[in-house]
2 protein chains.
Amino acid sequence: MTFPSKATHQQTRAHNAALVLRALYDFGPISRADVARLSGLTRTTVGDVVGVLIDDGLAREIGRGPSTGGKAPILLELIDGARHVIALDLGEFVFRAALMDLRGQVQRTIERPVTGVSGDEAVDVVHELIDELATGSRETLLGIGVGTPGIVDAATGTIRSAVNLNWQDLPLADILRARHGVPVQVANDSRAAALAIELFSGRRSTNLVAVKVGRGIGAGVLLGGELFHGDGFGAGEIGHVVVDDDGAECRCGRFGCLETVASSRAILLRTTEAANEQPDSPLGRRLAASGELTLDDVQVALDAGDETTRRIVVAAGRFLGRMLAGVIGVLDVERIVLHGSVAELGDVWLDAVRDEAHRRALRLLAGDVVIERAAPIGDLVLLGASAVVLTAELGLSVGR
Amino acid sequence: MTFPSKATHQQTRAHNAALVLRALYDFGPISRADVARLSGLTRTTVGDVVGVLIDDGLAREIGRGPSTGGKAPILLELIDGARHVIALDLGEFVFRAALMDLRGQVQRTIERPVTGVSGDEAVDVVHELIDELATGSRETLLGIGVGTPGIVDAATGTIRSAVNLNWQDLPLADILRARHGVPVQVANDSRAAALAIELFSGRRSTNLVAVKVGRGIGAGVLLGGELFHGDGFGAGEIGHVVVDDDGAECRCGRFGCLETVASSRAILLRTTEAANEQPDSPLGRRLAASGELTLDDVQVALDAGDETTRRIVVAAGRFLGRMLAGVIGVLDVERIVLHGSVAELGDVWLDAVRDEAHRRALRLLAGDVVIERAAPIGDLVLLGASAVVLTAELGLSVGR
DNA sequence: TGCCTTTGTCAAGTATCTGGACGAACTCCC
DNA sequence: GGGAGTTCGTCCAGATACTTGACAAAGGCA
């Protein structure tokens with residue numbers, strides 16, 4: 001029963017200002033006249049907005065560009081270091097934090113192991129990380145972005161539940177804002193990563209699904225250039241959809257979730273089984289040597305052409321592809337990007353995903369879908385955490 | 001590489017005007033002051049907009065309401081018959097057309113069988129239907145809305161392909177607009193139906209998936225109060241996602257699509273098989289008598305407690321539920337509405353759908369999801385075709 | 001009856017986009 | 001080298017639409 005909100009002049013201005021900023025961001029160096037052509041705004045308006053951006057230190061003139069038959073244009077560029085963002089990735093075993101500029105260029109990274117840490121103690125670790133990075137860049141600090149597993153109410157910045165940290169309904173954004181005095185954005189890690197791909201991979205898609213396949217499986221759904229959260233902030237939580245009728249128990253309590261068959265855990269479980277059955281195989285010897293298999297071991301076995309490993313990896317990929325076929329059917333997105341540790345496994349896995357997704361989705365739609373690995377632009381969760389801040393504060397991924 | 005478009009004063013005005021109109025639509029009779037409170041607009045702005053609405057004949061004052069301690073408010077209401085819409089449902093066997101008012105109240109309905117009709121001939125039938133309904137209501141005609149199966153480019157009103165009518169890349173909106181001189185909207189039938197449920201069922205959901213389960217299966221995806229089309233206008237085309245590994249051939253050419261196991265065709269195919277195997281069963285006798293089974297026969301057998309029929313219907317429902325679990329995982333919508341001939345089968349089917357969807361979706365998400373049959377508000381495709389026009393012309397389902 | 005509240009409108013003010021005009025700066029061609 | 005034409009950036013007047021404050025009309029309450 002919520003009623004849509006009214007439109008105001010400020011919103012109009014904010015939208016158009018974001019448009020100009022984005023033109024500089026994506027197409028700079030660029031002249032005012034070109035920004036006007038690109039955005040449809042008048043030169044007058046663009047000039048006005050640019051004036052504000054220059055006053056704010058966000059943009060600068062860098063001299064004349066080539067003439068096209070008239071007065072040479074004054075080229076403008078965004079000042080990448082004009083603002084900074086502190087981005088955090090609250091991983092399962094380690095909290096990582098980075099100080100980044102407007103382009104997602106990392107200035108400094110620090111991290112703390114958090115095994116055994118939980119509750120208020122974990123919040124204190126977050127504070128420490130921020131304090132350490134904030135020293136010396138308080139003036140330019142645009143905001144703090146947090147990427148974390150679990151269900152996150154992005155509107156209020158409340159973490160609904162993060163099992164391993166024993167956080168429940170923690171208003172992390174409020175807590176951090178109160179202590180550090182800058183805007184704070186909190187987002188689910190997979191969703192943040194999706195925004196990072198949109199903002200930093202040099203290629204804009206209005207609609208995009210980015211699937212993180214690691215120990216867990218989660219997707220970020222970007223529709224119309226904006227993150228889609230769903231009614232309960234659970235959009236993209238595909239890891240716990242049941243896909244295997246006689247599957248194993250999942251950490252969520254049910255059986256046969258996608259995670260139990262397609263995550264890194266699933267692959268390692270199965271390769272370990274195989275290694276135990278065949279102690280003389282390469283994987284068997286690797287297991288005996290180290291006591292535990294890792295995805296690197298799987299990669300090595302895969303590269304060596306081990307058939308059992310290949311079958312396991314392909315099976316995992318096919319399960320994911322099956323899920324993606326459903327995603328394509330429901331959303332008809334033109335681009336699905338895969339990332340996370342499992343996505344690093346290479347073409348054996350990727351081809352399995354693609355093949356299964358294409359075989360199962362309506363040809364008319366699937367023909368256009370690009371399923372690809374994320375470009376190696378860095379830690380996507382960290383980048384995403386900063387992308388969320390950039391989007392919220394500067395409107396760097398405006399839709400429409 | 002398309003750049004978002006600029007914001008203007010006119011858009012601001014249009015948005016706010018739509019807000020006022022919607023307040024009248026959803027909450028009327030209502031005073032200007034209450035509209036202001038509801039929308040957040042100032043009384044001044046609301047008064048201004050209402051003035052225009054009254055001038056346009058869209059609203060009227062209907063006297064004073066009860067005072068709450070001050071001057072009694074002047075109540076306003078929408079004039080339901082102020083405008084009319086011609087809605088068309090281009091069904092597989094019959095084209096149906098209706099003249100409706102702003103509330104979706106049907107003034108007149110006509111139809112033409114179109115078996116064997118295709119190409120330009122079919123377009124002529126559309127023209128005829130419109131001409132017949134338009135006589136006498138030219139002045140109040142707001143627009144024409146068309147609901148049709150197949151892939152439709154809703155932005156341009158072009159039908160990409162409608163197999164049975166032999167239409168390919170037909171710019172139907174342009175054709176109808178040229179001939180009849182009013183705005184035309186064309187939409188996929190399932191998507192149109194979703195908008196009808198949103199607009200006419202008396203209950204607003206920002207996010208909603210409406211699945212039409214009949215001879216075909218398709219969904220309309222409503223996100224943020226607006227229809228989501230997908231990059232290739234194929235969002236919601238879940239009927240041709242492969243769900244059955246050793247399934248039968250589908251009319252789309254592949255094997256095991258959702259339609260081959262969950263549509264009315266699938267149910268009738270299976271019950272007919274069963275009837276042939278057991279000629280003495282109720283269904284067997286029914287088949288022998290009429291030569292062909294219908295969903296009504298299935299309904300009768302179901303009501304009579306026939307176990308074979310029940311199993312077939314439940315199996316069909318479970319396949320759909322499985323797909324819905326995926327939808328819930330991807331979108332986390334709070335409400336999924338089912339309609340179409342199969343959805344009329346009753347609780348045996350609905351319970352199977354619900355049970356399977358809930359069992360397979362993440363508990364946290366699935367717990368909140370309501371899966372329900374559409375309220376019996378009329379022909380959803382016709383209503384939807386008109387809803388698309390009302391949305392486009394009056395902004396009756398504004399988001400944000 | 002007098003005071004308070006609420007409604008609807010008016011007038012002045014403000015923010016922001018629009019469109020025309022103009023000087024500055026550059027190219028091209030004679 | 002100079003004039004014509006083009007393009008850029010800005011200025012200014014004008015238009016649009018929201019905001020704010022004020023006020024009369026209309027009602028309740030004591």
Side-chain angles (χ1 to χ4, degrees), chain A residues 4-21 23-24 27-55 59-77 395 400, chain B residues 4-21 23-24 27-55 59-77 395 400:
Chain A
S5 56
K6 66 174 172 181
T8 63
H9 284 162
Q10 289 99 58
Q11 286 170 8
T12 306
R13 177 60 150 196
H15 178 91
N16 289 339
L19 235 50
V20 171
L21 192 66
L24 294 185
F27 299 98
I30 185 174
S31 69
R32 291 170 175 83
D34 276 341
V35 172
R37 269 186 286 270
L38 194 62
S39 61
L41 296 166
T42 59
R43 280 180 309 178
T44 310
T45 302
V46 172
D48 192 26
V49 170
V50 166
V52 175
L53 291 179
I54 291 178
D55 283 350
R60 70 178 148 220
E61 301 185 339
I62 55 161
R64 289 256 141 86
S67 159
T68 58
K71 176 176 169 179
I74 303 170
L75 294 182
L76 300 161
E77 73 170 10
R400 278 197 296 174
Chain B
S5 56
K6 65 175 173 182
T8 63
H9 287 160
Q10 290 101 58
Q11 285 170 8
T12 306
R13 176 61 149 194
H15 178 92
N16 289 339
L19 236 49
V20 172
L21 192 66
L24 294 183
F27 300 98
I30 186 174
S31 70
R32 290 171 176 81
D34 276 341
V35 172
R37 267 187 289 270
L38 194 63
S39 61
L41 296 165
T42 59
R43 288 195 315 250
T44 309
T45 302
V46 172
D48 191 27
V49 170
V50 166
V52 175
L53 291 179
I54 292 178
D55 283 351
R60 71 178 148 222
E61 301 185 339
I62 56 161
R64 290 247 134 90
S67 159
T68 58
K71 175 175 168 180
I74 303 170
L75 295 182
L76 300 161
E77 72 170 11
R400 276 197 296 175

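What's counted below: heavy atoms across the whole structure, side chains too, no hydrogens, waters or symmetry copies. First the proteins, then the strands, lettered A, B, ... as listed; each starts at 1. If you're wondering where the values come from, they're calculated on a predicted model, not measured in any experiment.
- In the set dG21(D), dC17(C), dG9(D), dC17(C) carries the atom at the smallest distance from any side-chain atom of N16(A).
- Residue E61(A) contributes atom CD, which lies 13 Å from atom P of dA25(C) at whole-angstrom precision.
- H15(B) has its NE2 atom 17 Å from the C1' atom of dT16(D), to the nearest Å.
- Mapping A17(A) and G70(A) onto DNA chain C by nearest heavy atom places A17(A) closer to the 5' end of the strand.
- Nucleic acid contact for I74(B): sugar-phosphate only, since backbone atoms but no base atoms lie under 4.0 Å from a heavy atom of the residue.
- Not a single donor-acceptor contact under 3.5 angstrom links the side-chain atoms of K71(B) to the base of dT6(C).
- Spacing between atom CD1 of I30(B) and atom P of dG8(C) amounts to 10 Å, rounded to whole angstrom units.
- Donor-acceptor pairing under 3.5 Å, judged by distance alone, is absent between the side chain of R32(A) and the base of dG9(D).
- In the set dC11(D), dA25(C), dG27(D), the nucleotide with an atom closest to the side chain of R64(A) is dA25(C).
- For H9(B), whose side chain is taken as the heavy atoms from C-beta onward, the closest listed nucleotide among dC17(C), dC11(D), dT20(D) is dC17(C).
- Remark: the T12(A) side chain and the dC17(C) base include no donor-acceptor N/O pair separated by less than 3.5 Å.
- Listed candidates were dT7(C), dC17(C), dT10(D). Nearest to the side chain of R37(B) is dT7(C).
- Among the nucleotides dT10(D), dG8(C), dC18(D), the one closest to the side chain of P73(B) is dG8(C).
- In this structure, S31(A) and Q10(A) both approach DNA chain D, and ranking their closest nucleotides by distance from the 5' end singles out S31(A).
- Closest-nucleotide positions on DNA chain D for K6(A) and D48(A) were compared, and the one nearer the 5' end corresponds to D48(A).
- Annotation: the span from F27(A) atom CZ to L38(A) atom CG amounts to 5.0 Å, rounded to 0.5 Å.
- Residue-level contact check: R43(B) touches the bases, meaning some heavy atom is under 4.0 Å from a base atom.
- The side chain of T68(B) lies closest to dT6(C), out of dT6(C), dG20(C), dA22(D).
- Ranking dT18(C), dC10(C), dT16(C) by closeness to the R13(A) side chain, first place goes to dT16(C).
- Scanning atom types as modelled, no donor and acceptor separated by under 3.5 angstrom connect the side chain of T8(B) and the base of dT18(C).
- Comparing dT7(C), dA17(D), dC26(C) against the side chain of A33(B) picks out dT7(C) as the nearest.
- Here the CD atom belonging to Q11(B) is positioned 7.5 Å from the OG1 atom belonging to T12(A), to the nearest 0.5 angstrom.
- Distance check, rounded to the nearest 0.5 Å: CD1 of I30(A) to CD1 of I62(A) gives 11.5 Å.
- To the nearest 0.5 angstrom, H15(B) atom NE2 is 9.0 Å from S39(B) atom OG.
- The line from CZ of R60(B) to CG of L76(B) is 11.0 Å long, rounded to the nearest 0.5 Å.
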